[in-house]
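Have a look at the structure below, then the notes.
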Amino acid sequence: MDGKHMQIGEVAARTELSLRTIRHYEETGLVAPSARSRGGFRLYTETDVARLMVIRRMKPLGFTLDQMRDLLDATDRLDTDTALDTEERAALLERVRAYQQEAAEQVEKLRVQLSRAEDFEGTLRARLEQDAHTARG
């Protein structure tokens, strides 16, 4: 194997995704190994790892598999199709822009949730400190 390909175990470690999850994404058509070894092992490239990282980042923001597939299709076409006309390129960029805006909205919602969680944790900590102080006093 030349240094350009990685087996699924290395990809799992690099992406912090389980082997099962990577295989699931392959089954759903989100990612495909770039090659197979003579023994039939899946082989992945840096491009495949980058694709899995996009998926990994979209998942906690609530994007569906169809949305992931759509975004990856748009970015793949932007990256590889040099024959795109101006309208096609603009439409693809608009699709990407829509996902960026949705991601920004989800990030803001998560910030609010995190702030509330931190407030709650602080309230509990203060309560415990108050009780500890009362017990000593």
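Heavy atoms only: backbone and side chains are in, while hydrogens, waters and symmetry mates are out. In what follows, residues are counted from 1 in the order of the sequence shown. Keep in mind that this is a model prediction, so the values were computed, not measured.
In terms of modelled atom types and a separation under 3.5 Å, the side chain of Asp48 and the main chain of Thr45 share a donor-acceptor contact. At distances below 3.5 Å, at least one donor-acceptor pair connects side-chain atoms of Arg69 with backbone N or O atoms of Thr28. In this structure, Arg56 contributes its side chain and Thr15 its backbone to a donor-acceptor pair below 3.5 Å. Remark: side-chain polar atoms of Gln101 are not paired, donor with acceptor, to backbone N or O of Ala98 under 3.5 angstrom. No side-chain donor-acceptor contact under 3.5 Å links Arg42 to the backbone of Gln7.
Atoms CZ and CG, on Arg127 and Leu124 in that order, are 9.5 Å from each other to the nearest 0.5 Å. Taking CD of Gln130 as the start and CG of Leu128 as the end, the distance is 10.0 Å to the nearest 0.5 Å. Rounding to the nearest 0.5 Å places CE of Met6 at 4.0 Å from CD of Glu46. Atoms CG and OG, from Leu110 and Ser115 in turn, are 12.5 Å apart once rounded to the nearest 0.5 Å. Of the inter-residue distances, the one linking His24 atom NE2 with Leu19 atom CG reads 14.5 Å to the nearest 0.5 angstrom. For the atom pair NZ (Lys59) and CD (Gln67), the distance works out to 11.5 Å, reported to the nearest 0.5 Å.
Taking every heavy atom of both residues into account, Val96 and Ala74 meet most closely at CG2-CB, 4.1 Å. Ala12 and Ser18 make their closest contact through CB-C, 4.5 Å (heavy atoms, listed as atom of the first residue, atom of the second, distance). Residues Ala83 and Glu88 share a closest heavy-atom pair of O-OE1, 4.3 Å.
There is no side-chain donor-acceptor pair under 3.5 Å between Asp131 and Thr134.
Side-chain contact between Ile55 and Leu72 is present, with heavy atoms from C-beta onward closer than 4.5 Å. Inter-residue side-chain proximity for Asp85 and Arg89 is flagged as unmet; no heavy-atom pair is nearer than 4.5 Å. Taking the side chain as every heavy atom from C-beta outward, Asp76 and Arg51 approach each other to under 4.5 Å. Contact check for Phe41 versus Ile8: no side-chain heavy atoms found under the 4.5 Å cut-off. With contacts defined as side-chain heavy-atom distances shorter than 4.5 Å, the pair Arg14/Leu52 does not qualify. Side-chain contact between Tyr25 and Leu65: present, with at least one pair of heavy atoms (C-beta onward) separated by less than 4.5 Å.
In summary, Arg36 and Glu26 engage in a salt bridge, as defined by a charged side-chain N under 4.0 Å from a carboxylate O. Arg125 has a carboxylate O that lies under 4.0 Å from a charged side-chain N of Glu121, or vice versa, which qualifies the two as a salt bridge.
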Practice item. May I have the step-by-step check of side-chain contact (heavy atoms from CB on, under 4.5 Å) for Arg77 and Arg95, ending in yes or no? Key: CA-CA 12 Å; Arg77 289 183 57 204; Arg95 278 168 54 192; 4.1 Å; yes

Point to revise | Test side-chain contact (heavy atoms from CB on, under 4.5 Å) applied to Leu78 and Leu84, step by step | key: CA-CA 8 Å; Leu78 285 166; Leu84 290 174; 4.3 Å; yes

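When the side chains of ILVMFWY residues are joined at heavy-atom separations under 4.5 Å, either directly or via intervening members, Phe63 and Val107 end up in a single hydrophobic cluster.
In this structure, the side chain to side chain donor-acceptor pair (under 3.5 Å) partners of Glu94, at least two apart in sequence or on a different chain, are Arg97.
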